[in-house]
Amino acid sequence: MVHGIGLELYKLRSRKDVRLILLVISVFYLVMVGVTAIKPAYFGTKFMVENSFSTLQFIPLIVMVFAADMMSSEFQQGTIKNLIIAAKSRLQIIASKAVALIIVIGLMYLGIFFLDTIVSGALFHEAFQSIIMKDTFLWILGSAFETLLLGSFVFFLSVISKTPAIPVAIGVLVYLMVGLIDGANFSLIAKLSLLKWNIVNMLNFKAQLISHSLQTQTGLSITNFVVGIVVYVALFLVASYLVFKNKSV
């Protein structure tokens with residue numbers, strides 16, 4: 001399995017589109033750092049530091065593209081048969097890809113946190129305070145959990161689909177729905193408490209890490225959020241295996 005994980009990480013690292021995406025996001029990050037340094041009053045230094053200079057919202061989109069392509073590209077390119085022959089079992093294929101995806105998510109968020117710490121300490125001394133960096137850490141941690149949820153969901157869709165476009169489109173739609181239907185979501189939760197466990201509500205995790213008062217609307221504690229997200233991720237990965245196990249290739 002270790003070999004399989006290494007192979008999946010190598011595939012991602014060697015792809016030109018992955019390198020291009022990472023280059024674009026890196027350039028955007030540097031541009032936003034520069035703009036914040038030149039016009040601190042315009043954007044608000046504290047806000048920009050806490051939100052990783054407006055790059056955090058793009059990472060889930062990038063991860064969803066990766067997750068959608070991990071399985072569907074194998075079907076699309078016809079390499080899935082070779083993968084099945086080389087692997088000991090289909091479970092190993094799913095597990096290797098899932099672990100590789102989790103590692104990529106972890107590395108991306110760790111990387112951006114260390115970047116934020118270095119950049120903030122070097123250029124934004126007033127913003128580099130324990131309370132601000134604490135909020136930055138919580139925002140990144142919450143984003144990582146939410147991205148793990150979205151990534152596992154899109155990964156499951158990629159097992160069903162033979163093209164990455166549909167999983168990405170559905171994943172992006174769910175991601176965007178949080179801001180659009182939160183009002184209706186909270187109203188429904190107020191009427192029926194059980195609805196607090198819906199997947200859209202889980203994507204309020206990072207917001208509640210910063211603003212604990214949001215619990216009155218989400219109906220979930222921080223512990224509930226963590227448990228809910230972990231359960232959802234586990235269900236999506238198990239479902240991915242079950243679908244792939246019985247899928248004709």
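These values consider heavy atoms only, across backbone and side chains, with no hydrogens, waters or symmetry-generated copies.
Note: the hydrophobic cluster containing I102 also contains V238 (ILVMFWY, side chain heavy atoms under 4.5 Å, direct or indirect links). Taken together through direct or relayed side-chain contacts under 4.5 Å among Ile, Leu, Val, Met, Phe, Trp and Tyr, V200 and L176 form part of one hydrophobic cluster. Y29 is not connected to L20 by any chain of hydrophobic side-chain contacts under 4.5 Å among Ile, Leu, Val, Met, Phe, Trp and Tyr, and they are in different clusters. Taking hydrophobic clusters as Ile, Leu, Val, Met, Phe, Trp and Tyr residues chained together by side-chain heavy-atom distances below 4.5 Å, V24 does not share a cluster with I21. By the rule that hydrophobic residues join a cluster once side-chain heavy atoms approach within less than 4.5 Å of another member, I38 and V31 end up as members of separate clusters.
Under the 4.5 Å side-chain criterion, counting only non-hydrogen atoms from C-beta, L192 is in contact with L195. Here the side chains of I94 and L237 are not in contact, with every heavy-atom distance at 4.5 Å or above. Side-chain contact between M202 and F145: absent, with no pair of heavy atoms (C-beta onward) separated by less than 4.5 Å. V174 is listed as a side-chain neighbour of L203, based on a closest heavy-atom distance under 4.5 Å. Taking the side chain as every heavy atom from C-beta outward, N204 and N185 approach each other to under 4.5 Å. Using a 4.5 Å cut-off on side-chain heavy atoms (C-beta onward), F244 and R90 make contact.
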Would you check, one step at a time, whether the test side chain to side chain donor-acceptor pair (under 3.5 Å) holds for S221 with T223? CA-CA 5 Å; S221 66; T223 302; 4.5 Å; no

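Within the structure, the salt bridge (charged side-chain N to carboxylate O under 4.0 Å, His left out) test picks out the following pairs touching residues 193-219 (sequence neighbours left out): E146-K206. Listed by first and then second residue, the ring pair (Phe, Tyr, Trp, His ring centres under 6.0 Å) pairs involving residues 77-114 are F113-F137 (not counting sequence neighbours).
Taking CG of L138 as the reference point, atom OG of S211 lies at 12.0 Å (rounded to 0.5 Å). From L115, atom CG reaches atom CG of L30 across 8.0 Å, with rounding to the nearest 0.5 Å. Rounding to the nearest 0.5 Å places CG of L101 at 12.5 Å from OG of S96. In this structure, the separation between CD1 on I210 and CG on D135 is 4.5 Å, given to the nearest 0.5 Å. Atom CZ of residue F205 and atom CG of residue L148 lie 11.0 Å apart, to the nearest 0.5 angstrom.
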Please table the atom pairs, donor to acceptor, closer than 3.5 Å between any side-chain atom in residues 52-67 and protein atoms at least two apart or in another chain.
| unit_1 | atom_1 | unit_2 | atom_2 | d |
| --- | --- | --- | --- | --- |
| S52 | OG | D116 | OD2 | 2.5 |
| T55 | OG1 | S52 | O | 2.6 |
| Q57 | NE2 | S54 | O | 3.0 |

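Here the closest heavy-atom approach between residue T147 and residue I105 is recorded as O-CD1, 4.1 Å. F156 and A239 get closest at one heavy-atom pair: CE1-CB, 3.6 Å. Residues V49 and S120 come closest through the heavy atom pair CG1-OG, 3.3 Å.
For L157, the side-chain contact (heavy atoms from CB on, under 4.5 Å) test picks out F153, P167, I170, with sequence neighbours left out. Under the rule for a side-chain contact (heavy atoms from CB on, under 4.5 Å), the partners of Q208 that lie at least two apart in sequence or sit in another chain are L214, Q215, T218, I222, F225.
Panel note: side chain S161, backbone S158; no donor-acceptor pair is recorded below 3.5 Å. Looking at S240, its side chain does come within 3.5 Å of a backbone N or O of F236 through a donor-acceptor pair.
With a 4.5 Å cut-off between side-chain heavy atoms of Ile, Leu, Val, Met, Phe, Trp and Tyr, the cluster of V231 takes in V227, L235.
Residue I166 places its CD1 atom among 12 or fewer non-hydrogen atoms of other residues, nucleotides or ligands, all under 6.0 Å distant.
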